[in-house]
Amino acid sequence: MLLEDQHPHNKSIMVAVLGAPNVGKSSLVNVLLGTDLSVVTNKPQTTRNKFHCVLTVDRTEIVLVDTPGLHKSSQEFNKRLNEQAREGTEGADLNLLLIDISRDVLTQFVEFKENIDLELGPTWVVYTKADKVENAEKLPLAEVTEKAKEILPSIEKWFLISNKEGTNIHELTGAICDRAEPGPHLYPNGDISNKNQRFFVTEYIREQAFELLKDEVPYEVAVVIDEYKEVKSKTDPESFESHISASILVNRPSQRAIVIGSSGSMIKEIGIRSRKKIEVMTGGPVHLNLHVKVSPKWFKNNFVLEEIGLPRAKDSARVWRKK
Ligand SMILES: Nc1nc2c(ncn2[C@@H]2O[C@H](COP(=O)(O)OP(=O)(O)OP(=O)(O)O)[C@@H](O)[C@H]2O)c(=O)[nH]1
Ligand SMILES: [Mg+2]
């Protein structure tokens with residue numbers, strides 16, 4: 001019998017999605033996938049981990065690697081985010097470098113080059129947010145891209161897209177498929193990510209915390225799962241419900257009060273909104289129990305950082321000595 005992942009017409013390609021914070025990387029991943037898997041907010045540094053999102057077009061598997069936005073920072077936490085982005089390029093056959101055309105374009109290339117600090121393989125520039133600029137298609141993007149090649153010689157071609165309006169998404173998908181080489185699929189069993197449901201539960205809770213909280217609070221929030229159980233439904237023994245307890249970690253007691261909100265209104269809203277998205281993912285009812293815990297300077301604590309999938313970076317400043 002012919003194994004499905006070894007079908008002679010199978011093709012596969014791994015594509016790293018890179019760029020500064022807030023340029024629309026996770027939005028593009030979701031638009032290509034056709035589902036809201038990756039978290040998107042209007043605040044920069046929403047994505048904290050690199051991970052695979054899998055899309056299959058006919059016999060071509062496209063493994064998209066969403067990554068955190070690359071930026072300059074001397075803080076340990078941000079260094080680990082940048083490291084995730086750099087690691088996202090490992091094994092990639094193609095890099096998509098996203099550039100927001102509603103911001104200064106050449107500066108983004110220069111800063112990207114400084115922050116990635118790696119020799120990149122084949123790279124396509126994807127200019128995003130075309131809908132935000134009037135007559136965007138008339139911008140001299142061909143000339144700009146030529147200049148950008150002096151900074152990043154691995155650039156091969158460019159696209160102008162809008163995630164919001166779907167402009168040129170079809171063309172981009174087609175070009176990626178054409179670029180894929182014959183070979184077995186990395187995810188032959190139909191998995192759509194290399195991260196499990198626990199990961200996405202923490203992401204969907206954090207996404208709502210990011211959306212609803214202001215100032216520094218979203219950046220000083222992390223989410224960890226305390227308990228995750230699938231139990232048979234009492235009303236319908238054929239189906240399952242998820243019982244999930246999670247903690248929202250904050251840095252200071254004052255932030256705990258903010259995340260709880262007056263009479264618990266904020267934590268209730270975070271719970272209601274994130275539960276809806278978790279239920280879509282699990283396909284069944286979810287009982288979500290949220291707690292807020294003060295964990296001072298959790299973003300400098302190696303154990304917490306490891307737990308939320310941010311291991312030490314090559315340029316980590318601190319040496320975590322054993323006692
Ligand atoms: N108008 C417009 N807004 C967009 C477009 N693409 C993304 N956005 C918005 O830009 C913001 C950031 O989008 P994300 O997809 O989270 O950006 P990101 O690059 O993944 O950001 P980080 O994870 O923080 O690095 C969100 O408010 C999106 O709705 C687009 O094509 N047009
Ligand atoms: Mg993102």
Side-chain angles (χ1 to χ4, degrees), residues 15-53 64-73 75 77-89 95-103 105 108-109 111-112 115-116 124-137 139 141 158-173 193 195 199-200 202-204 206-214 216 218-223 273 277 299 308-310:
V15 183
V17 183
L18 306 166
N22 213 43
V23 293
K25 298 179 296 300
S26 302
S27 301
L28 175 61
V29 165
N30 287 346
V31 170
L32 291 170
L33 290 176
T35 176
D36 284 344
L37 184 66
S38 190
V39 295
V40 169
T41 76
N42 58 11
K43 296 188 178 69
Q45 291 172 35
T46 299
T47 304
R48 290 179 174 171
N49 306 88
K50 65 168 195 294
F51 61 98
H52 291 180
C53 302
L64 299 161
V65 190
D66 197 1
T67 64
L70 273 158
H71 60 290
K72 203 181 240 23
S73 177
Q75 288 175 16
F77 180 70
N78 294 309
K79 283 182 179 178
R80 294 189 187 203
L81 297 187
N82 283 338
E83 184 75 357
Q84 288 283 304
R86 290 189 202 102
E87 285 176 9
T89 66
N95 302 297
L96 299 183
L97 167 54
L98 271 59
I99 302 284
D100 179 348
I101 59 159
S102 67
R103 282 153 49 184
V105 166
Q108 290 176 69
F109 284 107
E111 288 180 357
F112 176 77
N115 294 329
I116 190 89
W124 296 354
V125 179
V126 179
Y127 295 104
T128 62
K129 307 198 184 181
D131 59 282
K132 280 182 91 177
V133 176
E134 217 175 311
N135 292 327
E137 63 291 344
L139 290 174
L141 295 176
W158 61 274
F159 294 82
L160 170 64
I161 67 151
S162 163
N163 292 313
K164 203 174 166 194
E165 295 182 345
T167 318
N168 291 331
I169 297 296
H170 192 66
E171 287 72 9
L172 179 60
T173 313
S193 178
K195 293 281 190 186
F199 170 78
F200 288 106
T202 63
E203 285 290 271
Y204 297 154
R206 200 171 56 79
E207 182 179 40
Q208 297 310 325
F210 249 63
E211 284 282 8
L212 293 165
L213 300 167
K214 293 194 193 92
E216 90 297 350
Y219 299 99
E220 299 196 354
V221 154
V223 179
R273 292 192 187 193
K277 220 168 149 176
F299 39 81
I308 61 171
L310 294 175

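Positions are given from 1, in the same order as the sequence printed here. None of the values given here were measured: they were computed from a predicted structure. Counting convention: from 1, in listed order, for ligands and their atoms alike.
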Seminar exercise, completed: Residue, atom and distance of the protein heavy atom nearest atom 17 (O) of ligand 1 read Gly24 N, 3.1 Å
Exercise. Can you tell me if Asn78 and His71 form a side-chain donor-acceptor pair at under 3.5 Å?
Worked result: yes
For this session: Please determine if the Mg ion (ligand 2) has an N/O/S atom from Ser27 lying under 2.8 Å away.
Result: no
Exercise. What is the nearest protein non-hydrogen atom to atom 29 (O) of ligand 1, stated with its residue, atom name and distance?
Worked result: Val40 CG1, 4.0 Å
Exercise. Which ligand 1 atoms does Ser162 reach within 4.0 Å, using its non-hydrogen atoms?
Worked result: 31 (O)
Seminar exercise, completed: Lys132 heavy atoms within 4.0 Å reach ligand 1 at atoms 1 (N)
Exercise. Considering only the protein, which heavy-atom contact is closest to atom 18 (P) of ligand 1, and what is its distance?
Worked result: Lys25 N, 3.4 Å
Problem set entry | Short side-chain donor-acceptor distance under 3.5 Å, Asn163 and Ser27 | no
Exercise. Which residue holds the protein heavy atom closest to atom 14 (P) of ligand 1, what is that atom called, and what is the gap in Å?
Worked result: Ser27 OG, 3.6 Å
Exercise. Could a heavy atom of Thr41 be found less than 4.0 Å from some atom of ligand 1?
Worked result: yes
Problem set entry | Cation-pi check, Arg206 onto Tyr204 ring (under 6.0 Å, within 45° of axis) | no
For this session: Considering heavy atoms of the protein only, find what lies nearest to atom 31 (O) of ligand 1 and give residue, atom and distance to 0.1 Å.
Result: Asn163 N, 2.7 Å
For this session: Considering non-hydrogen atoms only, spot the tightest contact between Ser26 and Thr47 and give its length.
Result: OG-OG1, 2.9 Å
For this session: Using only heavy-atom distances, determine whether the side chains of Ser38 and Asp66 contain a donor-acceptor pair under 3.5 Å.
Result: yes
Exercise. Phe51 vs Phe200 aromatic rings, parallel, tilted or perpendicular, using cut-offs 30° and 60°?
Worked result: perpendicular
Exercise. Taking side chain as C-beta onward, heavy atoms only, is Asn95 less than 4.5 Å from Val15?
Worked result: no
Exercise. Can you tell me if Thr128 and Asp100 form a side-chain donor-acceptor pair at under 3.5 Å?
Worked result: no
Exercise. What atoms of ligand 1 come within less than 4.0 Å of a heavy atom belonging to Gly69?
Worked result: 25 (O)
Exercise. Would Tyr219 and Phe299 count as a close aromatic pair, with their ring centres under 6.0 Å?
Worked result: no
Exercise. Taking C-beta and beyond as the side chain, do Gln208 and Val223 meet within less than 4.5 Å on heavy atoms?
Worked result: no
Exercise. Can Arg273 and Glu207 be counted as an ion pair, charged N to O under 4.0 angstrom?
Worked result: no
For this session: Can you sort out which atoms of ligand 1 are near Lys164, meaning under 4.0 Å from one of its heavy atoms?
Result: 1 (N), 2 (C), 30 (C), 31 (O), 32 (N)
For this session: Salt-bridge test for Arg86 and Glu83: reply yes if a basic N is under 4.0 Å from a carboxylate O, no otherwise.
Result: yes
Exercise. Mind checking whether Pro44 has an N or O less than 3.5 Å away from an N or O of ligand 1?
Worked result: no
For this session: Decide whether an N or O pair under 3.5 Å exists between Thr47 and ligand 1.
Result: yes
Exercise. Tell me: protein heavy atom nearest atom 22 (P) of ligand 1, and distance?
Worked result: Asn22 N, 3.6 Å
For this session: Starting from atom 27 (O) of ligand 1, locate the nearest protein heavy atom and write down its residue, its atom name and how far away it is, to 0.1 Å.
Result: Asn42 CA, 3.3 Å
Seminar exercise, completed: for atom 8 (N) of ligand 1, nearest protein heavy atom and its distance come out as Lys129 CE, 3.7 Å
Problem set entry | Polar atom proximity, Thr46 to ligand 1 (N or O, under 3.5 Å) | yes
For this session: Answer yes or no: does an N/O atom from Pro21 fall short of 3.5 Å to an N/O atom of ligand 1?
Result: no
Exercise. Can you check whether Asp131 has an N/O within less than 3.5 Å of an N/O in ligand 1?
Worked result: yes
For this session: Would you please determine whether Gly19 falls within less than 4.0 Å of ligand 1 on a heavy-atom basis?
Result: no
Problem set entry | Heteroatom N/O/S of Ser26 within less than 2.8 Å of the Mg ion (ligand 2) | yes
